[in-house]
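Structure record follows, encoded as C-alpha cells.
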Amino acid sequence: MTRGSESGTLSTRPNDERYDPQRVEMKWYERWQQDASLYAAEPDSTKKKYYVLEMLPYPSGALHMGHVRNYAIGDALARYMWMNGYNVLHPMGWDSFGLPAENAAIQNNTPPRQWTLNNIANMKAQMKRLGFAYDWMREVTTCLPDYYRWNQWFFLKLFEQGLAYRKKSKVNWCPSCATVLANEQVVNGCCWRHEDTVVEQRELEQWFVRTTKYADELLRDLDELDGWPEKVRTMQRNWIGRSEGTLVDFKLDYGENHKGYGPGGSTIKVFTTRVDTIFGATSVQLAPEHPIVKDLATADPDLRAKVDQLISEQRKARETGDIGEIEKHGVFTGRYATNPFNSESIPVWVANYILMDYGTGAIMSVPAHDERDYEFAKKYNLEIRLVILPISTDLEETVAEPLLPYVGHDGMLINSGRYTGSECADAIKAMSAYAEENKFGKATVTYRLKDWGISRQRYWGTPIPMLYCEKDGIVAVPEKDLPVILPENVDITLTGGSPLGRVPEFVNATCPKCGGPARRETDTMDTFVDSSWYFYRYTDAHNDRAPFDGKTAQYWFPIDQYIGGVEHAILHLIYSRFWTKFMRDLGMITNDEPVERLFTQGMVIKDGAKMSKSLGNVVSPDEMVARYGADAARLNSLFAAPPDRDLDWQDSGVEGIQRFLGRVYRFIVRNASTANSAAPPTELPPQARSIQRKLHQTIKRVSDDFQGRWHFNTCVSAIMELVNTLYGAEEAIAQKLIPASFLAEVQRDLVLLLAPFAPYLAHELWEMLGEKGNLLKAAWPKYDAELAKEEELEIPVQVNGKLRSRIVVSADATEETVVARALADEKTRAAIAGKQIVKKIYVPGKLLNIVVK
RNA sequence: GCCGGGAUGGCGAAACUGGCAGACGCAGCGGACUUAAAAUCCGCAGGGCCGAAAGGCCUGUGGGGGUUCGAUUCCCCCUCCCGGCACCA
C-alpha cells in the first residue's frame, strides 16, 4: 500500500482537490509538537471547570483499537467543552508498575524499568500522532519515585490510622521456582513456567488495607452516583454484598473421649439471615477449613483424611470455577452442638458447600427452608423439620403444607416454642434481641467485601515502607526517609524467594527507633494502589512536598466525566472510592466521591470476536493511521457504533470515513475562496434557506448528543447529511444563488462541528477559511430553533393504521386544514371509498390516521 | 441458577416521549467523466406478487400472545447470543 506516497506526489500539483491525510496531519502534528502548553490548564475561578479523564493505560508496548476508541471519546468531549468556554483539564499518564514488565524481563532479558519506559515513549508518540489533546505537562508515570513515594506516604498514613495491618493469608507457591505466583501465573493449577509443577498454597504474613471500614458508606453512596451506569452500581452493590442477619453461638458438646477443646474453642459461631427458622435446625455444618474442624480432626485420623479430601476438592473447584456446581457432600464429625433456643443437641458435620471466607464459616442447617440444606439432608437422611408455614391471601393454601424446601419470607412460625404464631420478620427481630439479652448471639451485618490484600511478592512495584527490627518489631519508615527507592539491576530471572529479598543493600537497614539493624519489607504494593489516587496527582503533578495541594484538587474535583472499560467497574473503581473517602477523612480533600459521571465504552471486536494475537484479528492503530490517517481512524471508531456498545471493526468502514473526509475537504477547497466575512443577508433565497435549515438541525443534533446520550455515531451521520445537502446545492452555488457571506458562515460552522471528531482536518480547513485564531477557542456554533424549523411538512395519511398517502402542508397548518387536504387527496379518497369515517386522529406535524368501518 | 445488555436489510447501524421502519455509512447495481482504469460525481436499492411502464397490492424489526386508531417502542410468555456474579448461609 503506497497510497500515502502516491498522493503525496500528486499533492504537489497546484489546485489539487485530493485530500491527502498524511500531508495535512503531519503539518499540524509538527505545529502542535512545538507548543507543549497547547492544552495546558490552570485553576481559574472566572471559568467553569471541566475535568474529563480517560482511564490511564498500562504501557504494554503499543496502543490497541480499544485505546483509540476510549481516547477518541474523551478527546471529542474535551474539545467540545473547550469550544464551549470551559476550563478543561484533560491529562494522561501511565499505570506502569506490574507483572508484564517482569515477564518481559524474563523473556527478553530487558530490565523492567527500561522495558516500561521504552513502551511509554512509543505509546506517547502514538497518542500524539493520533492528535489527542492532553496536557502533557501533567503526565504521571506511576513507576517513577516522584509518584510512588506518595504511595508510600499514603501507606504510612493508613498504618497510622490503623487502616493498614498484617495478617496471615494464602498465596500461590511454585515449589520449582521457590517463589510466589500471581493468580494469573497459575495455569490449570500449575505454574506458568513449570507446567507439570502443581501450585501449592502457603500462608504468609501480608499487608491488608481495611477497606471494610468504609463498606457501609461505599454501599450507601452508590445511591447518589446517578451519573454512573446502573450496571456498574449493581456490580458494586453485589461485590460489597451487605447482608443483615444474626450470629448465634452453638456450644460444642463434650465428646466421649473429651480431652479439652483445641485452639478453635468450644463455641461454633453461626451466621444466618433466617434466625426465625432456627427451631428447624437439624445439624450444624462447618467449612472444611474451620478451626474447630482442625481441632476435631487432630484427634481423629479418619476424620482428618476425609476433611483433607474435602479441602482439596473445594480448592480445585474454586480454581476451575466449578464451585457451586459440585455435588454437596460431607462427613459427620461424631460430635454434637447445642441449639441455644431449644437446648437441642444436633449433629456437627463438615460439608464441602460451606465456605470459610464468608460469614463465620459455619451454618445451622435448616433443610425445610433452605435449598442447599435440603439437598444435603436428603442425601444423608437428616431430619427435615417444617417450622414456617406460608401465609397466602388464599386461605386454603395457608393451611396446606408447602412444597419443600419453602424459602419464602411471607410465613408464620410453627413448632417454634414461644415464637410459634409469629410472622417471619417479627420473629427475626425478637429472636435476635433474645439472643443478645442472653449473650449467645446478636443481630449483625456481614459483607462479602473483604479487606484489600496489597502485598505482592514481586519486584516491579512500590516498596512497602516498613522495617522489621528484632528489638522494636514492626517499624514504619519515617516520612523524611521517603521514598524507599526500588533498587535497579535486580536479577528477577533467578528463582527462589522474593526478588527484593536477594538484594542485601535493600534488605539491610537501620531501625529508626533503636538504631540497631533492621530488615526491610521486601513485598511491594498491588498496582491498584497506584490507580486509586492518580487522578488527584494530575491536579498538581510536580508537587514534591505532598501528593497534591488540597485547594487545587478542590478546584478540579470531582472528575466531571470518567471514561473507560467496564472491566474496571469493580476493583479499580471501588478502591478509588475508598481512597477518596480515606483522604477526605485525613482532611486532604472535601469531596466524598472521586467521579461524578462514569461512562463505560464497549469493546472493539473484529469478525465477532475479541481481538487477539492467537485469532490473528488484531487491527493495529499504527497501520490505520498510516493507511487512512488519524482522523479517519478516530472518526470511524466513533461512527461505527454507539460508544456504549461493542464495535465490530471493519476496514471498509474506515475507507468510507476517509471518503467522507475527502468530500468535506474538496467542498471547502472549492468554495473557500468565495467566503467573506460580511454578515449574511437576513432574507435568504430558498436554496440558501434550505441549507440554513439543515445546518441548524445539524447543530442541534450534534450539541444535544454531547449533552445527552453520547451517540456520536448519529452525530457523524448528521454531519454527513449536512455535507450531502451542500453537494446537492453545488449547482446553485455555481449559479451564485447562494450568498457568499452565507456560504462562508455554513462552511465555518461545518468545520466547527467537525472539530471534536476530526481535529486535524478541522484545523486545516479552519486555516483555509482564513481564520487566524485557535480553533479550540472558537465558540461552538449556536443553533436557532426558528431557523431549524421546516416550512412545509409532509404528513403521512393512514387509513385504519395503514399508510395510504402523504400530503404536503405548511408547517403551521391547522388540524382542519390537514383533514380537509387529506379528504381531498385522491389516494386517501380511494382508500376510504364506500366506508364510514369513525374517527380522525391527528398528531400535529406528524401524522393523520383516519379510522373507517 | 441470579442480575444486566442485546437480537432490525447482504453488513455496521438509525428511528430519543407509542406516530412514515431501515436515516447515515459499507458492500452491490446502473449512469456520467475517461482511450481505459483509478479517483470523483449522480442515481437505484427490505422481501414477495401484479404490471411493458408509471405505479399498485401484500408482507416485514428473534418467536408467540395482549393493550391501542396505531407497537421496533408498552405488558405477558418463550428462544438464542454477549457480559457479570454464583453453594454468600
Side-chain angles (χ1 to χ4, degrees), chain A residues 6-7 10 17-18 229-232 234-235 237-239 241-243 245 270-274 285 287 314 317 321-328 351-355 357-366 370-373 375-376 446-448 566-567 569-570 602-603 605 608 610 636 639-642 644-657 659-660 662-663 666 701 704-705 708-709 711 713-721 723-724 727-728 730 794-803 805-806 827 830 838-843 845-852:
Chain A
E6 195 185 315
S7 48
L10 286 171
E17 292 186 0
R18 185 178 296 208
E230 196 47 54
K231 176 189 173 141
V232 174
T234 306
M235 284 165 82
R237 278 190 195 105
N238 294 340
W239 187 260
R242 189 190 138 99
S243 166
V270 153
F271 175 73
T272 176
T273 55
R274 293 298 304 272
Q285 301 287 344
Q314 243 187 6
D322 288 340
I323 202 149
E325 265 139 58
I326 54 178
E327 200 198 332
K328 289 172 189 39
N352 66 342
Y353 71 99
I354 309 301
L355 308 171
D357 49 15
Y358 183 78
T360 58
I363 64 149
M364 60 176 202
S365 173
V366 185
D370 182 284
E371 275 169 36
R372 297 151 299 178
D373 296 345
E375 193 184 327
F376 192 86
T446 330
Y447 296 93
R448 209 196 78 113
V566 75
E567 64 273 19
I570 298 177
M603 280 193 307
I605 56 177
K610 202 170 169 173
N636 187 58
F639 176 67
D644 51 345
R645 251 205 263 175
D646 285 353
L647 183 158
D648 202 339
W649 187 270
Q650 289 176 350
D651 286 359
S652 58
V654 201
E655 282 173 28
I657 288 292
R659 261 199 292 272
F660 163 67
R663 247 164 106 79
R666 280 187 300 277
R701 282 178 65 181
D704 283 355
D705 251 312
R709 15 170 245 173
H711 279 193
N713 54 331
T714 58
C715 290
V716 179
S717 303
I719 300 171
M720 285 172 170
E721 284 181 45
V723 172
N724 290 348
Y727 268 78
E730 279 215 300
E794 197 185 54
I795 304 289
V797 180
Q798 294 182 343
V799 176
N800 284 349
K802 285 192 174 174
L803 182 69
S805 181
R806 297 169 218 267
K827 284 186 198 165
V838 179
K839 197 158 49 159
K840 290 172 243 146
I841 296 151
Y842 178 59
V843 184
K846 292 265 183 181
L847 158 146
L848 175 68
N849 188 11
I850 300 170
V851 185
V852 297

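Fair warning: this is a prediction, and the values are worked out from it, not measured in the lab. Below, chains carry the letters A, B, ... as their sequence lines are ordered, and counting in each starts from 1.
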Sugar-phosphate, base or nothing in reach of [X], heavy atoms under 4.0 Å:
| X | value |
| --- | --- |
| A/Leu355 | base |
| A/Gln798 | base |
| A/Asn713 | sugar-phosphate |

Rounding to an integer number of angstrom, what distance separates [N] and [M] when you compare their [atom1] atoms?
| N | M | atom1 | value |
| --- | --- | --- | --- |
| B/G22 | B/U34 | P | 37 Å |
| B/G62 | B/G9 | C1' | 15 Å |
| B/C58 | B/G6 | C1' | 31 Å |
| B/A52 | B/G25 | C1' | 36 Å |
| B/A13 | B/C82 | P | 16 Å |
| B/A21 | B/G70 | P | 14 Å |
| B/C42 | B/C33 | P | 15 Å |
| B/G18 | B/C29 | P | 41 Å |

Residues in ring-ring contact (aromatic ring centres under 6.0 Å, His included) with A/Phe639, at least two apart?
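By the ring-ring contact (aromatic ring centres under 6.0 Å, His included) rule, A/Phe639 matches no residue at all.
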With A/Tyr353, which residues qualify under ring-ring contact (aromatic ring centres under 6.0 Å, His included), at least two apart?
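Once residues adjacent in sequence are excluded, the partners of A/Tyr353 under the ring-ring contact (aromatic ring centres under 6.0 Å, His included) criterion are A/Phe376.
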Pick the closest RNA chain B nucleotide for A/Arg666 and for A/Tyr353 by heavy atoms, then say which residue is nearer the 5' end.
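Nearer the 5' end of the strand: A/Arg666.
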Starting at the 5' end of RNA chain B and moving along, which residue's nearest nucleotide shows up first, A/Glu730 or A/Gly361?
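By nearest-heavy-atom nucleotide position, the 5'-most residue is A/Glu730.
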Which residues share a side-chain contact (heavy atoms from CB on, under 4.5 Å) with [X], sequence neighbours left out:
| X | answer |
| --- | --- |
| A/Glu230 | A/Arg233, A/Thr234, A/Arg237 |
| A/Lys827 | A/Ser805, A/Asp825 |
| A/Arg709 | A/Asp705, A/His711, A/Thr714 |
| A/Met603 | A/Ile605, A/Lys610, A/Asp646 |

Starting at atom [atom1] of [X], determine the distance to atom [atom2] of [N], rounded to an integer number of angstrom.
| X | N | atom1 | atom2 | answer |
| --- | --- | --- | --- | --- |
| A/Ile605 | B/G12 | CD1 | C1' | 11 Å |
| A/Tyr727 | B/C42 | OH | C1' | 13 Å |
| A/Arg645 | B/G12 | CZ | C1' | 10 Å |
| A/Asp644 | B/A14 | CG | C1' | 14 Å |
| A/Asn636 | B/A13 | CG | P | 12 Å |
| A/Glu371 | B/G1 | CD | P | 12 Å |
| A/Lys846 | B/U17 | NZ | C1' | 9 Å |
| A/Asp705 | B/C24 | CG | P | 17 Å |

Check whether any side-chain N or O of A/Arg701 sits under 3.5 Å from a backbone N or O of A/Cys715 as a donor-acceptor pair, and report yes or no.
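Side chain of A/Arg701 to backbone of A/Cys715: no pair is present.
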Under a 3.5 Å distance rule, please check whether A/Glu375 uses its side chain to pair with a backbone N or O of A/Glu327 as donor and acceptor.
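No, because the side chain of A/Glu375 does not come within donor-acceptor range (under 3.5 Å) of the backbone of A/Glu327.
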As a check on the pairing definition, encode RNA chain B in dot-bracket form, counting Watson-Crick and G-U wobble pairs whose two distances are under 3.5 Å, and using | for partners outside this strand.
(((((((..(((......[....))).(((((.......))))).(((((....)))))..(((((..]....))))))))))))....
Pairwise side-chain contact, A/Val366 with A/Arg274, heavy-atom cut-off 4.5 Å (strictly under):
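Sidechains of A/Arg274 and A/Val366: no contact.
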Is there side-chain contact between A/Asn849 and A/Lys839, with at least one heavy-atom pair below 4.5 Å?
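Sidechains of A/Lys839 and A/Asn849: no contact.
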Residue [X], side-chain heavy atoms: nucleotide from [options] that is nearest:
| X | options | value |
| --- | --- | --- |
| A/Ile841 | B/G19, B/A14, B/C41 | B/G19 |
| A/Ile354 | B/A89, B/G56, B/G83 | B/A89 |
| A/Glu721 | B/A23, B/C87, B/A14 | B/A23 |
| A/Leu847 | B/A89, B/G19, B/A15 | B/G19 |

Determine: side-chain N/O of [X] to OP1/OP2 of [N], distance under 4.0 Å, yes or no.
| X | N | answer |
| --- | --- | --- |
| A/Arg709 | B/A15 | yes |
| A/Lys231 | B/G5 | no |
| A/Arg701 | B/A14 | no |
| A/Lys827 | B/G56 | yes |
| A/Arg18 | B/A38 | no |

Which residues pass the salt bridge (Lys or Arg N to Asp or Glu O under 4.0 Å) test with [X], sequence neighbours left out?
| X | answer |
| --- | --- |
| A/Glu730 | A/Arg670 |
| A/Glu567 | none |
| A/Arg663 | none |

Can you name the atoms? Protein N/O to nucleotides 58-61 of chain B N/O, anything below 3.5 Å, with the distance.
unit_1: B/C58; atom_1: OP2; unit_2: A/Arg804; atom_2: NH1; d: 3.4
unit_1: B/U59; atom_1: OP2; unit_2: A/Lys802; atom_2: NZ; d: 3.4

Summary of protein contacts for nucleotides 25-32 of chain B, nucleotide by nucleotide, where a base hit scores B, a sugar-phosphate-only hit scores S (4.0 Å, heavy atoms)
SSS-----
Would you mind calling B/G9 syn or anti? Take O4'-C1'-N9-C4 for purines or O4'-C1'-N1-C2 for pyrimidines, and syn is within 90° of 0.
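Here B/G9 takes the syn form, which means its glycosidic angle is within 90° of 0.
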Please step through side chain to side chain contact (heavy atoms under 4.5 Å, CB included) for the pair A/Asp373 and A/Lys328, ending with a clear verdict.
CA-CA 9 Å; A/Asp373 296 345; A/Lys328 289 172 189 39; over 6 Å; no
